[in-house]
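Start at 1 and go down the list; that is how both ligands and their atoms are numbered.
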Amino acid sequence: MERCDFLVVGAGIAGASAAYELAASGTVIVLEQESQPGYHTTGRSAAQFLETYGNSVVRRLTRASRAFFFTPPKGFTEHPLLSARPALYIAREDQLDALARFEDKVRRLTPSVERLSADRTLEIVPALKEAYVAASVIEPDAMDIDVHALHQGYLRDLRRRGGKVATDAEMTALSRSHRMWVAETPAGSFSAPVIVNAAGAWCDAVAGLAGVRPIGLVPKRRTAVTIDPPPELDISAWPLTIDIDEQFYFKPEAGQILVSPADETPSPPCDSRPDEIDVALAVERVQEATTLTVPRIKHEWSGLRSFVADNTPVVGMDGEADGFFWLAGQGGYGIQTAPAMARATAALIVSGALPDDLTEQGLRESALAPQRLR
Ligand SMILES: Cc1cc2nc3c(=O)[nH]c(=O)nc-3n(C[C@H](O)[C@H](O)[C@H](O)COP(=O)(O)OP(=O)(O)OC[C@H]3O[C@@H](n4cnc5c(N)ncnc54)[C@H](O)[C@@H]3O)c2cc1C
């Protein structure tokens, strides 16, 4: 039996970042069922940092993560974690009311957003059809995230702080005895007084192992494909272009164009695979809005974005099960909010309160706590 102060289940971005922060205060072991951390949702994202995405709690968590992305701790990464990639929310004539409501909502936290005319929008993304676009709103300071560098930085520095990641270590049983959680895995038994449930789409299943009540997590499949850009177009500086009702988005991705139909199909936790209908929808929607043609799909994949009822992440002690901490429901924002949520996790476990800079952003424990869902 290996003992530590904090056991973390899941070595995706949530588990890796929380383990890194906790390792400053005690010994940490991360249990990962796969042989590679990042195999599931973390390795399948669109890698975007958008201050204007999600509800107001999510947007505050994203803003609170900004400093870590721009100035990570010394030696954390050799590459910048962010590179410029503005986000352009586009609207047809019939979507102009939705665009106005969106602009009004996000301007309060992100005053740099700007309304653009149809002509200006077409200058920025010349492949958009003139008849399709009536106006847009741009978030000029949105960014691409180097997800691999972020994830590897957390895992490397976790090990430097004395932490350990056990791979091929699916937790198959979890029990509480003498104020300790005991986890059984094919890689051995592990125990700690505190367990952090960062198992992504499997968070409710992990709770079930210990008889802890679920939080109503719903994993939802999201599909992405890449296509070749037309040879005559330089796409490298195109923004992330999103339909204001989030029916599709596209962006440059390593010389290709990543397109998603922004699907949200409920799914059991699994190794997600794209459905051909969603791949077809991605092609149909991008061809409807742009002059791009899609003779063939280069790559296609899907991942599970997991949500609870209010679409807000769940960060907090269970309240009913001693030492059982939830870090779940990251939805479509788990990469961009990871630094703030990891710091919230460590602070709530170690000192019982959110860090001051998070409360200064208007974040409250009650908005993140699992109790709100019960
Ligand atoms: C197409 C797509 C686009 C996205 N775009 C963005 C974006 O632009 N920006 C953004 O911020 N977010 C984005 N997201 C969302 C983001 O990827 C997720 O919020 C984030 O990766 C969730 O991380 P996680 O660590 O919670 O989950 P995961 O990466 O799935 O990690 C959970 C881990 O737990 C492990 N596990 C589960 N059960 C057990 C067990 N019993 N024992 C041991 N290990 C276990 C799993 O193997 C897995 O490795 C996108 C997602 C998708 C699918």
Engineer: With respect to Gly38, determine whether any N or O atom, backbone or side chain, lies less than 3.5 Å from an N or O atom of ligand 1.
Structural biologist: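 No, since none of the N or O atoms of Gly38 sits under 3.5 Å from an N or O of ligand 1.
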
Engineer: May I ask you to identify the nearest protein heavy atom to atom 41 (N) of ligand 1, giving residue, atom name and distance to one decimal place in Å?
Structural biologist: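 Checked against all protein heavy atoms, atom 41 (N) of ligand 1 sits closest to Met171 O, 3.2 Å.
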
Engineer: Determine, for Tyr20 and Arg161, whether the Lys NZ or Arg CZ falls below 6.0 Å from the six-membered ring centre while staying within 45 degrees of the axis.
Structural biologist: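 Yes, Arg161 lies over the aromatic ring of Tyr20.
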
Engineer: Is the number of heavy atoms from other residues, nucleotides or ligands under 6.0 Å of Arg3 CZ greater than 12?
Structural biologist: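 No, CZ of Arg3 has 12 or fewer neighbouring heavy atoms, counting only those of other groups under 6.0 Å.
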
Engineer: Provide the number and element of each atom of ligand 1 under 4.0 Å from a heavy atom of Arg44.
Structural biologist: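 Going through ligand 1 atom by atom, the ones under 4.0 Å from Arg44 are 1 (C), 2 (C), 52 (C), 53 (C).
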
Engineer: Among all protein heavy atoms in this structure, tell me which lies nearest to atom 51 (C) of ligand 1, with the distance rounded to 0.1 Å.
Structural biologist: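 That would be Arg305 CG, 3.5 Å.
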
Engineer: Under a 4.0 angstrom heavy-atom cut-off, which atoms of ligand 1 come close to Ala169?
Structural biologist: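 Answer for ligand 1: 42 (N), 43 (C).
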
Engineer: Just distances here: any N/O of Thr42 and N/O of ligand 1 closer than 3.5 Å?
Structural biologist: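 Yes.
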
Engineer: Which ligand 1 atoms are under 4.0 Å away from a heavy-atom of Gln330?
Structural biologist: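 Atoms satisfying the 4.0 Å criterion: 19 (O), 26 (O).
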
Engineer: May I ask you to identify, for Ala224, whether its side chain, its backbone, both or neither come under 4.0 Å of ligand 1 on a heavy-atom basis?
Structural biologist: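 No part of Ala224 is near ligand 1 at this cut-off.
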
Engineer: For Gly303 and ligand 1, does the shortest N/O to N/O distance drop below 3.5 Å?
Structural biologist: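 Checking ligand 1 against Gly303, no N or O pair falls under 3.5 Å apart.
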
Engineer: Provide, to 0.1 Å, the distance between atom 39 (C) of ligand 1 and the closest protein heavy atom, together with that atom's residue and name.
Structural biologist: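 Among all protein heavy atoms, the one nearest atom 39 (C) of ligand 1 is Gln33 OE1, 3.6 Å.
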
Engineer: Closest non-hydrogen protein atom to atom 34 (O) of ligand 1, residue and atom name please, with distance?
Structural biologist: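 Its nearest protein heavy-atom neighbour is Gly10 CA, 3.2 Å.
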
Engineer: Quickly, which of Val315, Thr312, Leu363 forms a side chain to side chain contact (heavy atoms under 4.5 Å, CB included) with Leu61? Name it, please.
Structural biologist: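 Only one option passes, and that is Leu363.
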
Engineer: Backbone or side chain, does any N or O of Gly332 fall under 3.5 Å from an N or O of ligand 1?
Structural biologist: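 It does: an N or O of Gly332 is found under 3.5 Å from an N or O of ligand 1.
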
Engineer: Would you kindly specify which portion of Gln48 sits under 4.0 Å from ligand 1, judged on non-hydrogen atoms: side chain, backbone, both or neither?
Structural biologist: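 Contact part for Gln48 vs ligand 1: both backbone and side chain.
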
Engineer: Any N or O of Glu34 that comes nearer than 3.5 Å to an N or O of ligand 1?
Structural biologist: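 So ligand 1 has no N or O lying under 3.5 Å from an N or O of Glu34.
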
Engineer: Checking side-chain polar atoms at under 3.5 Å, does Glu246 have a donor or acceptor matched by the opposite partner on Tyr53?
Structural biologist: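 Present: a donor and an acceptor within the cut-off.
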
Engineer: Less than 6.0 angstrom from the centroid, inside 45 degrees of the normal: does Arg44 satisfy that with respect to the ring of Tyr39?
Structural biologist: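 Yes, a cation-pi geometry.
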
Engineer: At a non-hydrogen distance cut-off of under 4.0 Å, which region of Pro37 contacts ligand 1 (side chain, backbone, both, or neither)?
Structural biologist: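 The answer is neither.
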
Engineer: Which atoms from ligand 1 have a heavy atom of Ile335 less than 4.0 Å away?
Structural biologist: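 In order of numbering, the contacting atoms are 10 (C), 11 (O), 12 (N), 16 (C), 17 (O), 21 (O).
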
Engineer: Looking only at protein heavy atoms, identify the closest one to atom 50 (C) of ligand 1 and say how far it is in Å.
Structural biologist: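 Closest protein heavy atom to atom 50 (C) of ligand 1: Ser45 CB, 3.6 Å.
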
Engineer: Below 4.0 Å, non-hydrogen atoms only: which portion of Tyr333 touches ligand 1? Side chain, backbone, both or neither.
Structural biologist: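 Backbone only.
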
Engineer: Between the side chain of Asp5 and the main-chain N/O of Pro193, is any donor-acceptor distance below 3.5 Å?
Structural biologist: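 Such a contact is absent between Asp5 side chain and Pro193 backbone.
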
Engineer: For ligand 1 and Ala11, I'd like to know whether there is a polar contact (N/O to N/O, distance under 3.5 Å).
Structural biologist: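 The answer is no, given that Ala11 and ligand 1 share no N or O pair closer than 3.5 Å.
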
Engineer: Can you tell which part of Val9 has a heavy atom less than 4.0 Å from ligand 1: side chain, backbone, both or neither?
Structural biologist: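 Answer for Val9: side chain.
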
Engineer: Could you go step by step and tell me if Gln33 and Val9 meet the side-chain contact (heavy atoms from CB on, under 4.5 Å) rule?
Structural biologist: CA-CA 9 Å; Gln33 66 186 358; Val9 189; over 6 Å; no

Engineer: When you measure from atom 38 (N) of ligand 1 to every protein heavy atom, which one gives the shortest distance, and what is it?
Structural biologist: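 I find the closest protein heavy atom is Trp202 CB, 3.5 Å.
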
Engineer: Sub-3.5 Å donor-acceptor pair from the side chain of Asp263 to the main-chain atoms of Thr223, do we have one?
Structural biologist: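 Yes.
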
Engineer: What is the distance from atom NE2 of His151 to atom OG1 of Thr77, rounded to the nearest 0.5 Å?
Structural biologist: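 The OG1 atom of Thr77 is 13.5 Å from NE2 of His151, to the nearest 0.5 Å.
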
Engineer: Quick one: does Ala201 get an N or O within less than 3.5 Å of an N or O on ligand 1?
Structural biologist: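 No, no N or O pair falls under 3.5 Å.
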
Engineer: Taking all non-hydrogen atoms of both residues into account, name the closest pair between Val113 and Pro140 and its distance.
Structural biologist: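 Where Val113 meets Pro140 most closely, the heavy atoms are CA-CD, 4.2 Å.
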
Engineer: Which pair of non-hydrogen atoms, one from Gln95 and one from Ile90, has the smallest distance, and what is that distance?
Structural biologist: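 Of all heavy-atom pairs spanning Gln95 and Ile90, the closest is OE1-O, 4.2 Å.
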
Engineer: If we only consider heavy atoms of Ala198, is any one of them less than 4.0 Å away from an atom in ligand 1?
Structural biologist: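 Yes, that is the case, since the closest heavy atom of the residue is under 4.0 Å from the ligand.
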
Engineer: In plain terms, say whether Arg63 and Glu51 are close enough for a salt bridge, that is, a side-chain N and a carboxylate O under 4.0 Å apart.
Structural biologist: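 Salt bridge flag = yes for Glu51 with Arg63.
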
Engineer: Out of all atoms in ligand 1, which are within 4.0 Å of some heavy atom of Arg222? Include the element for each.
Structural biologist: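 With Arg222 as reference, the close atoms of ligand 1 come out as 1 (C).
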
Engineer: Does the side chain of Thr185 pick up a donor-acceptor pair with the side chain of Glu170 at under 3.5 Å?
Structural biologist: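 Per modelled atom types, Thr185 and Glu170 side chains form no pair under 3.5 Å.
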
Engineer: At less than 4.0 angstrom from any non-hydrogen atom of Gly12, what atoms of ligand 1 do you find?
Structural biologist: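 Taking each heavy atom of Gly12 in turn, ligand 1 has 25 (O), 29 (O), 31 (O) under 4.0 Å.
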
Engineer: Is Thr41 close to ligand 1, meaning an N/O of one under 3.5 Å from an N/O of the other?
Structural biologist: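 It does: an N or O of Thr41 is found under 3.5 Å from an N or O of ligand 1.
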
Engineer: Taking distance alone, with no angle check, do Gln336 and ligand 1 share an N/O pair under 3.5 Å?
Structural biologist: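 The answer is yes, given that Gln336 and ligand 1 share an N or O pair closer than 3.5 Å.
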
Engineer: If you count the atoms of ligand 1 from 1 in the order shown, which ones are under 4.0 Å from a heavy atom of Gly331?
Structural biologist: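 Ligand 1 atoms under the 4.0 Å threshold to Gly331: 15 (C), 18 (C), 19 (O).
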
Engineer: Group every Ile, Leu, Val, Met, Phe, Trp and Tyr by side-chain heavy-atom contacts under 4.5 Å, then state whether Trp326 and Val194 land in the same group.
Structural biologist: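 No, it is not one cluster - the side chains of Trp326 and Val194 are not joined through contacts under 4.5 Å.
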
Engineer: How far is atom 4 (C) of ligand 1 from its nearest protein heavy atom, and which residue and atom name does that atom have?
Structural biologist: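 It is Ala46 N, 3.3 Å.
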
Engineer: Nearest 0.5 Å please: distance from the CD atom of Glu253 over to the CG atom of Leu258.
Structural biologist: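 Here the rounded value is 5.5 Å.
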
Engineer: Check contact between Ser260 and ligand 1, using heavy atoms of the residue and a distance below 4.0 angstrom.
Structural biologist: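 False for this residue.
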
Engineer: Which of the listed options, Met341, His40, Glu32, holds the heavy atom that is closest to atom 49 (O) of ligand 1?
Structural biologist: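 It is Glu32 that holds the nearest heavy atom.
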
Engineer: Is any N or O atom of Leu209, backbone or side chain, closer than 3.5 Å to an N or O atom of ligand 1?
Structural biologist: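 The answer is no, given that Leu209 and ligand 1 share no N or O pair closer than 3.5 Å.
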
Engineer: Who gets closest to atom 37 (C) of ligand 1 by heavy atom: Ala199, Ser306, Ala262?
Structural biologist: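 Comparing heavy atoms across Ala199, Ser306, Ala262, the nearest one to atom 37 (C) of ligand 1 lies in Ala199.
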
Engineer: Report yes if some heavy atom in the side chain of Tyr89 is under 4.5 Å from a heavy atom in the side chain of Asp243; otherwise report no.
Structural biologist: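 Tyr89 vs Asp243: side chains apart.
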
Engineer: Enumerate the atoms of ligand 1 whose separation from the nearest heavy atom of Gly200 is less than 4.0 angstrom.
Structural biologist: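 Counting from 1, the qualifying ligand atoms are 26 (O), 27 (O), 32 (C).
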
Engineer: Atom CG of Leu122 and atom OG of Ser117: how far apart are they, to the nearest 0.5 Å?
Structural biologist: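 Spacing of CG (Leu122) from OG (Ser117) equals 8.5 Å.
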
Engineer: Is there a donor-acceptor contact under 3.5 Å linking the side chains of Ser272 and Ser302?
Structural biologist: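 The answer is yes; a qualifying pair exists.
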
Engineer: Charged N to carboxylate O below 4.0 Å: is that the case for Asp357 and Arg343?
Structural biologist: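 A salt bridge links Asp357 with Arg343.
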
